[in-house]
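Reading through the structure tokens given below for one structure.
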Amino acid sequence: HKRRISDGDTDNLVPQYKVPDGPPPVMIVTLKRRTACSGDKKIVKYEFASVDGSPLPSFDAGAHIDVTPVPQFIRQYSLCSDPADTSTYCIGVLREDAGRGGSTRLHKMLREGKPVLISRPRNHFPLAEEANKSILLAGGIGITPLIAMAHTLHAQGKEFVFYYKARTRAGAGFIDDLEHFPWADKVKLYFSDENRLDVNDVLHQYQRGNHLYTCGPAESMDAVFASAINLGWHEDALHREYFTAPDTSELESHPFRLTLKRSAVEIEVPTHKKATEALQEAGYPVNTKCSDGLCGVCATEYLKGDVDHRDFVLSKDQRKHKIILCCSRAAQANGDIVLDL
Ligand code: FES
């Protein structure tokens with residue numbers, strides 16, 4: 001910065017932030033109710049309502065919100081309430097004592113009647129409208145977005161089955177709710193210490209037009225996808241949502257170049273840096289949030305280039321023209337990715 005200032009080269013030295021168009025991306029809500037919803041009390045349901053009691057912004061099944069219990073912790077949680085009822089947003093949070101601290105802080109800090117900062121809902125895990133039958137397969141706390149999906153499918157009169165597996169009955173969340181939902185007859189429960197779920201049994205009757213949605217631990221979702229593909233499911237019929245990023249440290253990274261078409265600038269990205277970091281240093285900051293390839297905030301249009309997509313959020317179609325800059329790179333060493341920036 002000192003050298004650039006002494007050279008008089010001050011263009012883009014200070015990032016220019018522009019207030020985005022449209023409604024504000026965050027809002028203050030009130031925690032209306034918190035209820036333990038697993039036998040071991042580790043899963044808690046939080047219901048948020050607007051401060052003045054008016055309806056909250058609408059959302060589609062599969063959407064999530066960011067919750068900020070304290071400024072340095074932002075965590076994403078899927079909405080598990082019925083999208084047809086926007087009087088409240090409901091999330092389910094598992095207290096992970098060995099986690100990064102977000103869930104334990106959330107459990108400690110959120111108190112009924114207190115204000116909470118949340119984002120508007122965003123959705124990277126939507127239902128496919130064309131599905132003639134949906135298989136919802138939830139693992140552990142991954143049940144939350146699938147509950148919202150089941151509400152929507154039930155309201156639409158569409159065919160679906162809801163499989164829920166957990167290690168133990170005591171550690172499973174929402175069991176009472178599942179017994180009382182109007183679609184309770186669609187629910188099949190599996191506990192590792194009672195009756196294990198055989199994924200092949202669930203998936204072997206695939207027929208064209210069926211869609212599978214799964215959410216749970218990464219290794220469990222990988223196994224579900226592997227079985228499905230093995231059994232002939234079409235890739236486009238498989239949907240999953242990660243809530244933590246799988247370990248990608250073993251992936252090989254190369255240096256590459258970003259060409260910013262509209263700015264007519266070339267930026268080198270060394271092996272040890274992310275594209276977002278190189279852009280920031282060059283004076284072209286891109287918004288980021290999770291920096292793990294999960295939230296989609298840094299998605300950017302690209303015009304050309306062979307991209308090694310390492311995100312967990314873009315669909316196959318979106319990857320044809322979008323790149324997640326906090327984790328994806330050029331597929332080849334010294335490759336060039338042309339961005340629409
Ligand atoms: S910042 Fe979340 S996907 Fe890049």
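Since the structure is predicted, the reported quantities are computational estimates derived from the model, not experimental observations. Whatever order the structure lists them in is the order used to number ligands and atoms, beginning at 1. Atoms considered below: every heavy atom in the structure, side chains included; atoms not considered: hydrogens, waters and symmetry mates.
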*Apply side-chain hydrogen bond (donor to acceptor under 3.5 Å, both in side chains) to the pair E301 and H321, showing each step before the final yes or no.*
CA-CA 6 Å; E301 295 283 330; H321 56 96; 3.1 Å; yes
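In terms of the ring-ring contact (aromatic ring centres under 6.0 Å, His included) criterion, F243 has no residue partners (sequence neighbours excluded). Residues passing the ring-ring contact (aromatic ring centres under 6.0 Å, His included) test with F48, sequence neighbours excluded: none.
Relative to the six-membered ring of Y190, R196 misses at least one condition, a distance below 6.0 Å or an angle of at most 45° to the axis. Both cation-pi conditions hold for K186 and F160: the charged atom is under 6.0 angstrom from the six-membered ring centre and inside a 45 degree cone around its axis.
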Show every donor-acceptor pair shorter than 3.5 Å between a side-chain atom in residues 331-341 and any protein atom, with sequence neighbours excluded, or say none if there are none.
from : atom 1 : to   : atom 2 : distance (Å)
D336 : OD1    : T259 : OG1    : 2.8
D336 : OD2    : T259 : OG1    : 3.2
D340 : OD1    : R262 : NE     : 3.1

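Within a radius of less than 2.8 Å around atom 2 (Fe) of ligand 1, the protein N, O or S atoms are C290 SG, C295 SG.
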